[in-house]
Amino acid sequence: MNTLKYKRPKGTRDIIPEEFELREVLLEKIKKSIRAYGYKFIITPTFEHTELFIRSIGDSTDIVEKEMYTFHDKKGRSYTLRPEGTAPVIRAFLENSIMPPAKLAYIMNMFRAERPQKGRYREFWQVGVEAIGIKDPLIDAEVIEMGYSILKELGAEKLVVLINSIGSIEERQAYKSALLDYLNEKEQDGTLELCNDCKRRKNRNPLRILDCKIDGPKLKDAPKLKEFLSNESLKYFEEIKSYLDKWKVNYREEPRLVRGLDYYNHTAFEIVSEKIGVEDTLLGGGRYDSLVEDLGGPATPAVGWALGLERIINYFYQIPRISGPFYFVATVNEFSKGYAIGLLKKIREWKIPSDMTYEPKSLKAQMKIADRLNAVKAVIVGEDEIKLQKVRVRDLETGKEVLVPEKDLVKIYEEEMARRKGKEVL
RNA sequence: GUGAGAGUAGCUCAACUGGCAGAGCGCUGGACUGUGGCUCCAGUGGUUGGGGGUUCGAGUCCCCUCUCUCACCCCA
């Protein structure tokens with residue numbers, strides 16, 4: 001088994017037919033919901049100029065520092081497999097002169113060179129939305145509510161929106177230095193010893209220290225981010241919450257919530273499920289008012305989120321057993337096989353999933369294969385049937401057989417599909 | 001990058017302190033020659049991830065290596 005010569009690269013996944021069908025169903029639901037909120041879908045290239053990600057995500061973030069798949073072409077240009085969707089979408093928004101206000105959505109695979117674990121892969125799929133050119137608490141709230149309802153519709157349970165305002169970039173900067181002053185002072189007078197992780201965090205993202213399991217509790221008297229927010233920022237945040245209240249979104253204010261990408265400001269949020277032991281984030285997002293300008297466009301505020309498709313599937317779905325061909329054509333001998341080949345061709349012109357055995361096999365063996373493939377009905381063709389100008393249709397679940405003219409195969413198929421509709425529990 | 005666990009048949013897993021590598025499922029065929037599932041019978045299955053070492057003898061002990069999984073970090 002482990003003598004296999006080639007295996008998939010670490011952290012990548014094969015989506016086998018069973019999961020493929022499940023994803024199709026989920027994605028259809030997601031697309032329908034997102035369109036209902038007025039978004040249009042786009043697809044950007046799988047790779048971009050490396051610079052785009054460094055500029056947008058921030059050069060001292062984990063993603064840029066150690067998780068990007070970067071390569072060079074023959075002329076030495078540096079490209080990177082997209083690690084996230086927001087920067088490419090904004091780039092495309094600018095490059096195609098799309099006019100704000102614009103609501104763009106995407107379903108794209110992302111690439112990050114992390115150590116894989118549950119719900120976390122090196123290639124993974126994100127569904128994301130970006131509302132570009134609108135700055136009003138109403139849109140922030142709507143974006144959050146949309147993510148919340150979509151997750152709910154997808155069957156995610158015990159959802160909680162964690163929400164915070166991290167203020168404007170200037171406000172956050174002021175807070176950051178106040179926090180650093182506080183930490184340095186405590187360290188110098190010996191009342192505080194940070195863990196190794198937090199020593200690293202100090203340079204990279206000091207706000208995260210407050211959330212550290214080891215050091216966090218020691219910092220009860222540290223300055224609070226909220227104290228550094230302007231009245232305007234606070235009011236904006238309050239308004240968002242009042243909409244969420246009105247729409248009965250289950251949220252919790254999380255003063256320590258910060259985002260790992262540099263471009264966020266003001267609203268930051270995550271949606272987690274309390275059903276999952278390790279509180280993995282199902283969806284994360286926030287407001288980013290300076291990104292469009294940073295990427296060379298006019299000053300344009302924006303807000304958005306992304307959700308991880310694999311996490312939804314991992315935590316809330318079983319990979320279903322899928323049904324095989326609707327009709328499995330079985331033949332009695334070489335003579336009827338010739339006839340069956342023509343019949344199969346007709347069934348396929350009707351676009352009904354169907355199959356047969358190609359090598360000669362006994363009828364018994366053919367039936368066995370039909371069963372194993374989980375076919376819905378077997379169509380048995382032998383000399384008797386040909387003589388009568390009919391086919392024998394056996395329901396593989398009930399074992400009931402009917403003798404009908406060929407053209408009835410369409411009717412039987414349609415009736416069965418109609419019967420199943422709505423009952424499809426994936 | 002750090003830490004923990006696991007690799008035995010196609011799959012899920014056994015094999016006491018080192019002593020002949022096994023079972024179930026699957027697969028093929030038959031009982032039932034124009035009918036699947038259930039039952040019974042027979043057959044099919046392996047370089048125990050790879051390399052080295054200790055030993056009369058290694059799936060089992062030691063070292064190296066590869067792969068996978070989980071957790072931390074970080075994130076979707």
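Computed from a predicted model, the values in this text were never measured in an experiment. Numbers restart at 1 for each chain; the letters A, B, ... are given by sequence-line order, proteins then strands.
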message = So A:E114, base contact, sugar-phosphate only, or nothing? Heavy-atom distance under 4.0 Å.
response = base
query = Quantified in whole Å, what is the P atom distance between nucleotide B:G29 and nucleotide B:A71?
reply = 44 Å
task = Taking only heavy atoms on the protein side, list every residue of residues 386-417 of chain A lying under 4.0 Å from any atom of RNA chain B, sorted numerically.
result = A:R392, A:R394, A:D395, A:L396, A:E397, A:G399, A:E401
query = Please give, in whole Å, the distance from B:A6 P to A:K118 NZ?
reply = 19 Å
task = Apply side-chain hydrogen bond (donor to acceptor under 3.5 Å, both in side chains) to the pair A:N333 and A:E383, showing each step before the final yes or no.
result = CA-CA 9 Å; A:N333 55 30; A:E383 276 157 49; 2.7 Å; yes
ask   = Out of A:I271, A:I144, A:V129, which residue meets the side-chain contact (heavy atoms from CB on, under 4.5 Å) rule with A:W305?
value = A:V129
B:C70 OP1/OP2 closer than 4.0 Å to side-chain N/O of A:R120 = no
ask   = Should A:I34 and A:V127 be marked as a side-chain contact (heavy atoms from CB on, under 4.5 Å) after you check the CA-CA gap, both sets of side-chain angles, and the distance that decides it?
value = CA-CA 10 Å; A:I34 288 178; A:V127 178; 3.7 Å; yes
ask   = What is the distance from CZ of A:R115 to P of B:G5, rounded to the nearest Å?
value = 14 Å
inquiry  = By the definition side-chain contact (heavy atoms from CB on, under 4.5 Å), identify the one residue from A:R120, A:E114, A:R115 that meets it with A:Q117.
reply    = A:R120
ask   = Would you find a donor on one side and an acceptor on the other, under 3.5 Å apart, between the side chain of A:N314 and the backbone of A:E310?
value = yes
query = Has A:E51 got more than 12 heavy atoms of other residues, nucleotides or ligands less than 6.0 Å from its CD?
reply = yes
request  = Would you check if A:L363 and A:T331 make a side-chain contact, meaning some heavy-atom pair closer than 4.5 Å?
outcome  = no
ask   = Do A:W125 and A:R23 have side-chain heavy atoms sitting under 4.5 Å apart?
value = yes
key: Positions of residues 336-346 of chain A (non-hydrogen atom under 4.0 Å from RNA chain B), listed by number   = none
request  = Using a 4.0 Å heavy-atom cut-off across all strands, classify A:D384 as base, sugar-phosphate, or nothing.
outcome  = base
query = A:L257 has an atom CG; how far is it from atom C1' of B:C74, in whole Å?
reply = 14 Å
query = Looking across every strand, which nucleic acid part, if any, lies under 4.0 Å from A:G128 by heavy atom: base, sugar-phosphate, or nothing?
reply = nothing
ask   = Taking the same atom, C1', in B:A9 and in B:U44, what whole-Å distance lies between them?
value = 11 Å
P-based separation of B:U17 from B:A31 [nearest Å] = 47 Å
ask   = Touch check for A:E310, heavy atoms < 4.0 angstrom, all strands: base, sugar-phosphate only, or nothing?
value = nothing
task = Please work out if A:R201 contacts a base, only the sugar-phosphate, or nothing of the nucleic acid, heavy-atom cut-off 4.0 Å.
result = sugar-phosphate
A:K152, NZ: over 12 other non-hydrogen atoms inside 6.0 angstrom = no
ask   = Quick one: stems for RNA chain B, with Watson-Crick or G-U pairs under 3.5 Å, at least three in a row?
value = B:1-7 with B:66-72, B:10-13 with B:22-25, B:26-31 with B:39-44, B:49-53 with B:61-65
task = Look at A:Q117 and B:A71 and indicate whether a side-chain polar atom (N or O) is within less than 4.0 Å of OP1 or OP2.
result = yes
key: Spacing between A:E18 atom CD and B:C11 atom P, to the nearest angstrom   = 16 Å
key: Nearest-angstrom distance from the residue atom CZ of A:R8 to C1' of B:C68   = 10 Å
key: All side-chain contact (heavy atoms from CB on, under 4.5 Å) counterparts of A:P9, not counting sequence neighbours   = A:T12
ask   = Do the side-chain N or O atoms of A:K7 get closer than 4.0 angstrom to the phosphate oxygens (OP1, OP2) of B:U67?
value = no
ask   = More 5' along RNA chain B: A:Q126 or A:D371, using each one's nearest nucleotide?
value = A:D371
ask   = In whole Å, what separates the P atom of B:A76 from that of B:A4?
value = 29 Å
key: Sugar-phosphate only, base, or nothing, as touched by A:K10 at under 4.0 Å among non-hydrogen atoms   = sugar-phosphate
task = Tell me whether the OP1 or OP2 atom of B:C27 has a side-chain N or O from A:R372 closer than 4.0 Å.
result = yes
Residue pairs fulfilling ring-ring contact (aromatic ring centres under 6.0 Å, His included) with at least one residue in residues 23-51 of chain A, sequence neighbours excluded = A:F47-A:F71, A:F47-A:Y79, A:H49-A:Y79
task = Using a 4.0 Å heavy-atom cut-off across all strands, classify A:R112 as base, sugar-phosphate, or nothing.
result = base
C1' atoms of B:G46 and B:A15, separation to the nearest Å = 15 Å
inquiry  = Tell me whether the rings of A:Y236 and A:H266 are parallel (<30°), tilted (30 to 60°) or perpendicular (>60°).
reply    = tilted
key: Under 3.5 Å: donor-acceptor pair, side chain of A:D136, backbone of A:L138   = yes
key: Span that lies between the P atom of B:G3 and that of B:C73, in whole angstrom   = 15 Å
Whole angstrom value for the distance that separates P of B:G30 from NZ of A:K361 = 11 Å
inquiry  = Base, sugar-phosphate or nothing for A:L363? Non-hydrogen atoms, less than 4.0 Å.
reply    = base
message = With a 6.0 Å cut-off (strictly less than), is the heavy-atom count around CG of A:L388, excluding the residue itself, greater than 12?
response = yes
request  = Answer with base, sugar-phosphate or nothing: what part of the nucleic acid does A:A306 contact at a heavy-atom distance below 4.0 Å?
outcome  = sugar-phosphate
key: Euclidean distance for P, B:G18 against B:C62 (whole angstrom)   = 11 Å
ask   = For A:K368, which contact category applies under a 4.0 Å heavy-atom criterion: base, sugar-phosphate, or nothing?
value = sugar-phosphate
task = Give the rounded distance in Å between these two atoms: CZ of A:F328 and P of B:G36.
result = 14 Å
request  = Select one nucleotide: of B:G34, B:C74, B:C72, the one nearest the side-chain heavy atoms of A:E67.
outcome  = B:C74
key: C1' spacing across the pair B:U8 / B:U67, given as an integer number of angstrom   = 15 Å
request  = For A:Q366 and B:C32, give me the distance from atom CD to atom P, rounded to whole Å.
outcome  = 21 Å
request  = Tell me, please, which residues at least two apart from A:R392 pass side-chain contact (heavy atoms from CB on, under 4.5 Å).
outcome  = A:I380, A:E385, A:E401, A:L403
